[in-house]
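Heads up: the structure comes next, in structure tokens.
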Amino acid sequence: MADDKKLTTRAADFSAWYNEVVLKGELADYSPVRGCMVIRPRGYGIWERMQHQLDTMFKDTGHENAYFPMLIPESFLHKEAEHVEGFAPELAVVTHGGGKKLEEPLVIRPTSETIIYAMYAKWVQSYRDLPILINQWANVVRWEMRTRLFLRTLEFLWQEGHTAHATHDEAEEETRKMLGVYRDFMEGWMAMPVVTGIKTESEKFAGALRTYSCEGMMQDNKALQAGTSHNLGQNFSKAFELKFQTEAGGIEHAWNTSWGVSTRLIGGLVMTHGDDKGLRTPPLLAPIEIVIVPIWRAEEDKGRVKAAAHMVKESLLAWERRVPGRLRVHVDDRDGIKPGAKYYEWELRGIPLRMELGPRDIDSNQAVLVRRDTGEKRSVSLSSVGEEAADLLHLIQESMLIDARERREQNSIRGGITYDRFREVMAGTGAFVYAGWCGDEKCAAAIKEETKATIRVLPDEEFRSAEPPKTCLKCGGASIAEALWAKAY
RNA sequence: CGGGACGUAGCGCAGCCCGGUAGCGCACCUGAAUGGGGUUCAGGGGGUCGCGGGUUCAAAUCCCGCCGUCCCGACCA
């Protein structure tokens, strides 16, 4: 039976561990405003690399960046019924300006659909004006009850893409395409495997026709919704009269999509790859890929060892790597700190590769390379150090994804699970469980009540088993949806 | 918003029960030695004890109120 395997999970107090890695890794800090976060340079360095890569991928798929205002007239939110219902409880509202009470309150954007489609309505006359493919990087505010650094803060930084199309099929294609971009980024760059799929009616975005999502598994076996892509249908174009004249001459409402990822991804990175030594950063996202620690015993060695370290750095910078861009190398030649202390510090920061360079190495034209992910050490010749380092970084990137995927598979259960066993698993380690659902919200609600597990997505093929579940996990009735059940952040 | 814990130096904490000159570890600064996995010694700087009120000759300590943080519920990218 698939569910007889041994499930594993990280230490019980995962929250404390997470906070420790984030705070001691100096990724973020609490701000004076409750529930808001300050991203410190180390965290922002990772985010900048994420942002740059995502931006590149958006541009490669034909999108442009723009900027829309932070303040939105309250009435805009009310134009789409489901949308306002979904967001009303968590809005921050500006009621005064210039010392006077405003005639109409302004909400601080919780997301920008309304203001953006109001503008698109002005810009679009003809089918020739479509599609509009725009992205914006912005901070948004949602007044959450409970907050957590990176995962759920009152204010957060994200990217939101908003597009308008002439047909439903084109919008659907865009929605799926951007979900794929997210998956490629999360797996290829963050080394974080995700399950993609469609959200159920009750879990979809407020105002969407369909919502697709990327769900990663964290080390406590809970799911993290890492990115979403929505097919909004004509809901917003009807609310904001976003209409165009077709080639045939008729007037039709446009079809919209929106999709976003946020700084939550940094939290996902920590919870996917962190270990008890601190952060582990995939090489492609590491602000520094290689740190060179020069080691000297006698004072007379110091000068030549430091000089050698900088020469090695130069030779690494000169190395032509396979992916675009130079190797990112730092020499830690600080005085007064012993090498061991430096090792701990760089391990905490998650730098993927460390090079130890001492007098003995230099005399034998060698250096020691140490992998952050596995701790493995190897001696390499200084004449081929660039190639060795580049190969190792490539290997680390690959093996971090493989390891994370293996961990997820180890903690996934497909098929043949009884509800009793399901309850037992969810009360214990937790898992990704692929099982059927009869489609009745009462069953889903009962499962949530009893186990805290919800349907994360109806997964795409990659995650499904050969044999689809035939019965509902809870009631045993005929299954109409093959669902991924898990506890979630 | 309900239940619990907590708030004292940059970080982690003791002191509170039983009121009486604000302490410890790490970090930081100076000097010297040290340096292949968290150096050692000596000297030094830093705190309106979360905020406000009350009791008292005297409050970090007792009482009341507020604010904030964390954990557990409801909400959520």
Side-chain angles (χ1 to χ4, degrees), chain A residues 12-16 18-20 23-24 26 29-37 40 85-91 110-111 138-160 182 199 202-206 211 213-216 223-230 258-268 277-278 293-302 305-306 332-348 354-363 366-368 370 375 377 379 445 448-449 452 454 456 488-489:
Chain A
D13 199 351
F14 193 69
S15 301
Y18 174 79
N19 281 343
E20 174 129 340
L23 293 170
K24 285 207 171 161
E26 294 181 20
D29 205 348
Y30 294 102
S31 87
V33 178
R34 181 190 81 86
C36 292
M37 162 178 78
R40 301 190 62 182
E85 198 182 317
F87 282 103
E90 53 191 60
L91 292 180
T111 177
N139 44 359
V140 294
V141 169
R142 297 180 188 178
W143 216 262
E144 305 290 352
M145 297 290 172
R146 265 174 80 187
T147 62
R148 208 161 168 210
L149 292 176
F150 288 117
L151 298 182
R152 187 172 302 106
T153 43
L154 293 195
E155 176 186 339
F156 60 94
L157 180 53
W158 76 349
Q159 147 283 311
E160 49 180 327
Y182 287 156
K199 288 277 185 187
S202 60
E203 295 267 343
K204 73 175 189 186
F205 176 76
T211 289
S213 167
C214 298
E215 302 279 331
L224 183 76
Q225 183 172 309
T228 47
S229 183
H230 316 290
S258 70
W259 26 273
V261 296
S262 74
T263 43
R264 172 177 251 204
L265 290 178
I266 300 174
K277 290 178 179 171
V293 180
I295 296 156
W296 59 90
R297 176 174 283 122
E299 193 63 19
E300 64 261 29
D301 286 333
K302 185 162 122 179
V305 174
K306 282 191 181 184
D332 184 358
D333 60 0
R334 288 174 295 174
D335 284 342
I337 300 174
K338 292 181 84 170
K342 292 179 181 176
Y343 300 164
Y344 279 96
E345 185 176 325
W346 293 108
E347 280 166 358
L348 180 68
R354 178 177 77 234
M355 182 185 300
E356 303 175 0
L357 193 65
R360 290 205 304 271
D361 297 308
I362 294 168
D363 292 342
Q366 283 191 343
V368 176
V370 186
K377 292 189 181 190
S379 285
K448 185 178 182 185
E449 173 76 23
K452 309 253 192 302
T454 51
R456 302 320 305 154
Y489 276 99

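Predicted model, so just to flag it, every value in this text is computed and none were measured.
Nucleic acid contact for Thr228(A): none, since no nucleic acid atom lies under 4.0 Å from a heavy atom of the residue. Among the heavy atoms of the strands, none lies under 4.0 Å from Lys277(A). Residue-level contact check: Gln225(A) touches the backbone only, with heavy atoms under 4.0 Å from sugar-phosphate atoms and none from bases. Across all strands shown, Gly375(A) has no heavy atoms under 4.0 Å from either base or sugar-phosphate atoms. The residue Thr153(A) sits close to a base: some heavy atom pair falls under 4.0 Å. Within 4.0 Å (heavy atoms only), Pro89(A) reaches no atom of the nucleic acid at all. Using a 4.0 Å heavy-atom criterion, one finds that Leu151(A) contacts the bases of the nucleic acid, with or without backbone contacts as well. At the heavy-atom level, Gly260(A) lies nowhere under 4.0 Å from the strands shown. Using a 4.0 Å heavy-atom cutoff across all strands shown, Val368(A) reaches at least one base atom of the nucleic acid. Across all strands, Gly227(A) comes closer than 4.0 Å to no nucleic acid atom at all (heavy-atom distances). Across all strands, Leu265(A) comes closer than 4.0 Å to no nucleic acid atom at all (heavy-atom distances).
With rounding to whole Å, Arg146(A) atom CZ is found 7 Å from C72(B) atom C1'. At whole-Å resolution of the value, CD1 in Ile295(A) and C1' in G36(B) are 5 Å apart. Remark: P of G36(B) and CD1 of Ile337(A) are 13 Å apart, rounded to the nearest angstrom. Atom CG of Leu348(A) is separated from atom C1' of G37(B) by 15 Å (rounded to the nearest Å). Between the CH2 atom of Trp296(A) and the C1' atom of G36(B) there is a distance of 12 Å, rounded to whole Å. When the C1' atom of A33(B) is taken as reference, atom CZ of Arg297(A) falls 16 Å away, rounded to whole Å. As rounded to whole Å, 13 Å separates atom P of U30(B) from atom CG of Asp335(A). When the C1' atom of A27(B) is taken as reference, atom CD of Glu26(A) falls 11 Å away, rounded to whole Å.
Taking the C1' atom of each, U21(B) and U61(B) are spaced 15 Å apart, rounded to whole Å. When the P atom is compared between G19(B) and G12(B), the two are found 30 Å apart, to the nearest whole Å. The gap from the P atom of G20(B) to that of C63(B) amounts to 15 Å, rounded to the nearest Å. The gap from the C1' atom of G7(B) to that of G52(B) amounts to 16 Å, rounded to the nearest Å. Comparing C24(B) with U8(B), their C1' atoms sit 12 Å apart, to the nearest whole Å. Nucleotides G37(B) and G45(B) place their P atoms 35 Å apart, quoted to the nearest Å. Comparing the C1' positions of C41(B) and G46(B) gives a spacing of 22 Å, expressed to the nearest Å. On the C1' atoms, A60(B) is 8 Å away from G15(B), given to the nearest whole Å.
Contact detail for Arg148(A) and Ser15(A): the closest heavy-atom pair is NH2-CA, 3.0 Å. In this structure, Tyr343(A) and Val293(A) approach most closely via the heavy-atom pair CE2-CG1, 3.9 Å. Summarising the geometry of Leu154(A) relative to Glu144(A), their closest heavy-atom pair is CD2-N, 3.3 Å, with the distance given to 0.1 Å.
Remark: Arg148(A) is in phosphate contact with C71(B), judged by side-chain N or O atoms under 4.0 Å from OP1 or OP2. Put simply, Lys338(A) has a side-chain N or O that comes within less than 4.0 Å of OP1 or OP2 on G36(B). One finds a side-chain N or O of Lys448(A) lying less than 4.0 angstrom from the OP1 or OP2 phosphate oxygen of C75(B).
Both stacking criteria are satisfied for Phe156(A) over the base of A77(B): a centre-to-centre distance under 5.5 angstrom and an angle between ring planes under 30 degrees. With centroids closer than 5.5 Å and planes inclined by less than 30 degrees as the test, Tyr343(A) and the base of G37(B) fail to qualify as a stacked pair.
The side chain of Asn19(A) lies closest to C71(B), out of G73(B), G36(B), C71(B). In this structure, of C75(B), G73(B), G37(B), it is C75(B) that holds the atom nearest to the side chain of Glu144(A). Among the nucleotides G73(B), A77(B), C70(B), the one closest to any side-chain atom of Thr147(A) is C70(B). Checked against A77(B), G36(B), C75(B), the side chain of Glu90(A) finds its nearest nucleotide in C75(B).
In this structure, the side chains of Glu345(A) and Asp332(A) stay at 4.5 Å or more apart for every pair of heavy atoms.
The 12-atom threshold is exceeded at CD of Glu26(A), counting heavy atoms of other residues, nucleotides or ligands nearer than 6.0 Å. Around atom CZ of Arg334(A), more than 12 heavy atoms belonging to other residues, nucleotides or ligands sit under 6.0 Å away.
For Arg334(A) and G35(B), a side-chain-to-base donor-acceptor distance below 3.5 Å is absent, hydrogens and geometry of angles not being considered. Checked by distance alone, Glu347(A) brings a side-chain donor or acceptor within 3.5 Å of a matching partner on the base of G37(B). For Asp361(A) against G36(B), a side-chain-to-base donor-acceptor contact under 3.5 Å is present.
Of the inter-residue distances, the one linking Phe156(A) atom CZ with Arg142(A) atom CZ reads 4.0 Å to the nearest 0.5 angstrom.
The aromatic rings of Trp259(A) and Tyr182(A) stand perpendicular to each other, their planes meeting at an angle above 60°, with 30° marking the opposite boundary.
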